[in-house]
Amino acid sequence: MKRIGMPLLLLISMVVFSSCSFAPQDAPGERRPAAFPDMRLEQTRYVLGMEGASPIRIEAQTIELYREAGEAYIENATFTQDDTTGELLFSGAFGKAIVDTDTNDVVMSGGVRIRNHRDDFTLSAVSLTWHHGDKIVEGDSDTLVTIVSKEHDILTGTGFRGDFSTATFEFMYMEEGRLTYD
């Protein structure tokens with residue numbers, strides 16, 4: 001009878017005592033409402049229809065829907081919205097988002113870019129929150145937000161709040177600003 005070597009015995013014991021899980025793994029600080037979503041879409045195109053507004057088209061690596069919690073988790077996505085004539089209003093991208101499916105409020109993170117094509121400006125930040133009912137986008141008090149308008153006006157600051165219904169934007173603290181007048 002041959003003796004099993006110590007390295008082989010160690011390898012076998014590691015395989016026997018290790019465990020695996022098929023549940024999705026959450027990033028630190030990101031807890032899903034259930035172990036498994038009600039629906040998981042991968043490499044998908046999704047149209048989000050909203051009352052009183054043109055639909056938003058989303059292309060995402062993954063979308064997970066949790067009906068009971070009223071939440072959708074989206075990863076690595078781009079989005080566009082057209083007006084009723086087909087003119088592009090908004091486009092953008094984000095790394096991750098959590099959508100409240102009842103209110104359509106969205107918390108975006110992982111690098112956010114929103115382009116307003118009609119008014120010719122771009123917002124960018126690490127994270128932003130969209131309040132759908134008020135048409136307000138906000139950054140946390142310490143989140144650096146940059147607005148670039150017409151390719152030459154640049155405003156950067158923290159404590160950002162933007163009202164998309166009136167195109168009014170404000171910062172609690174300005175880091176950098178350059179405006180030109182025609």
Side-chain angles (χ1 to χ4, degrees), residues 21-140 143-151 154-156 160-165 167 169:
S21 170
F22 293 103
Q25 297 299 312
D26 297 332
E30 183 184 301
R31 188 150 193 85
R32 299 284 204 267
F36 296 99
D38 295 302
M39 184 182 305
R40 179 180 167 92
L41 307 168
E42 295 183 358
Q43 302 301 325
T44 187
R45 292 182 179 156
Y46 185 80
V47 177
L48 177 63
M50 297 176 292
E51 189 175 326
S54 300
I56 296 174
R57 292 181 309 278
I58 300 170
E59 292 188 25
Q61 181 181 351
T62 60
I63 300 175
E64 293 181 347
L65 300 169
Y66 297 86
R67 285 191 184 104
E68 190 172 315
E71 293 180 340
Y73 287 72
I74 304 173
E75 292 188 13
N76 298 321
T78 60
F79 61 90
T80 58
Q81 183 180 31
D82 298 333
D83 68 7
T84 55
T85 66
E87 180 185 349
L88 183 60
L89 294 174
F90 298 100
S91 63
F94 53 82
K96 293 183 178 191
I98 301 173
V99 180
D100 180 318
T101 58
D102 295 327
T103 65
N104 291 320
D105 291 351
V106 182
V107 177
M108 299 170 281
S109 62
V112 181
R113 184 183 45 78
I114 301 172
R115 173 97 176 126
N116 179 324
H117 294 271
R118 183 173 281 167
D119 297 322
D120 194 19
F121 69 86
T122 302
L123 294 173
S124 59
V126 172
S127 62
L128 290 171
T129 300
W130 170 254
H131 303 282
H132 180 69
D134 299 326
K135 307 289 186 263
I136 302 284
V137 66
E138 291 182 308
D140 292 334
T143 298
L144 198 61
V145 176
T146 299
I147 301 175
V148 177
S149 178
K150 299 178 179 113
E151 297 184 21
I154 300 171
L155 299 173
T156 301
F160 174 78
R161 183 177 190 275
D163 185 335
F164 273 62
S165 63
F169 306 100

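Fair warning: this is a prediction, and the values are worked out from it, not measured in the lab.
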* **With F90, the ring pair (Phe, Tyr, Trp, His ring centres under 6.0 Å) member among F79, W130, F164** =>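 Filter result, single survivor: F164.
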* Please determine, by modelled atom types, if R115 and T122 share a side-chain donor-acceptor pair under 3.5 angstrom. =>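 There is such a pair (donor and acceptor under 3.5 Å, judged by atom type) between the side chains of R115 and T122.
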* Asked: Just checking, is any N or O donor in the side chain of Y66 or E68 under 3.5 Å from an acceptor N or O on the other one?
  ->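 No, no side-chain donor-acceptor contact under 3.5 Å.
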* Approximate separation, where rounding is to 0.5 Å, of Q43 CD and T62 OG1 ->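 OG1 of T62 is found 8.5 Å from CD of Q43.
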Can you give me the closest heavy-atom contact between [X] and [Y], atom names plus distance?
X	Y	answer
V126	V112	O-CG2, 3.8 Å
E75	A60	O-CB, 3.8 Å
D100	D102	OD1-N, 2.9 Å
D105	G133	OD1-N, 4.2 Å
I136	R161	CD1-NH2, 3.5 Å

With heavy-atom distances below 4.5 Å as the criterion, would you say the side chains of [X] and [Y] are in contact?
X	Y	result
T146	I154	yes
V145	F169	no
T103	H132	no

* Worked check of side chain to side chain contact (heavy atoms under 4.5 Å, CB included) between F94 and L128 -> CA-CA 10 Å; F94 53 82; L128 290 171; over 6 Å; no
* Quick one: list whatever passes side chain to side chain contact (heavy atoms under 4.5 Å, CB included) with L144, sequence neighbours left out. =>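 For L144 the side chain to side chain contact (heavy atoms under 4.5 Å, CB included) partners, ignoring immediate neighbours, are T156, T158, E175.
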* **All side chain to side chain contact (heavy atoms under 4.5 Å, CB included) counterparts of D82, not counting sequence neighbours** =>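 Checked D82 against side chain to side chain contact (heavy atoms under 4.5 Å, CB included); matches are R57, L88.
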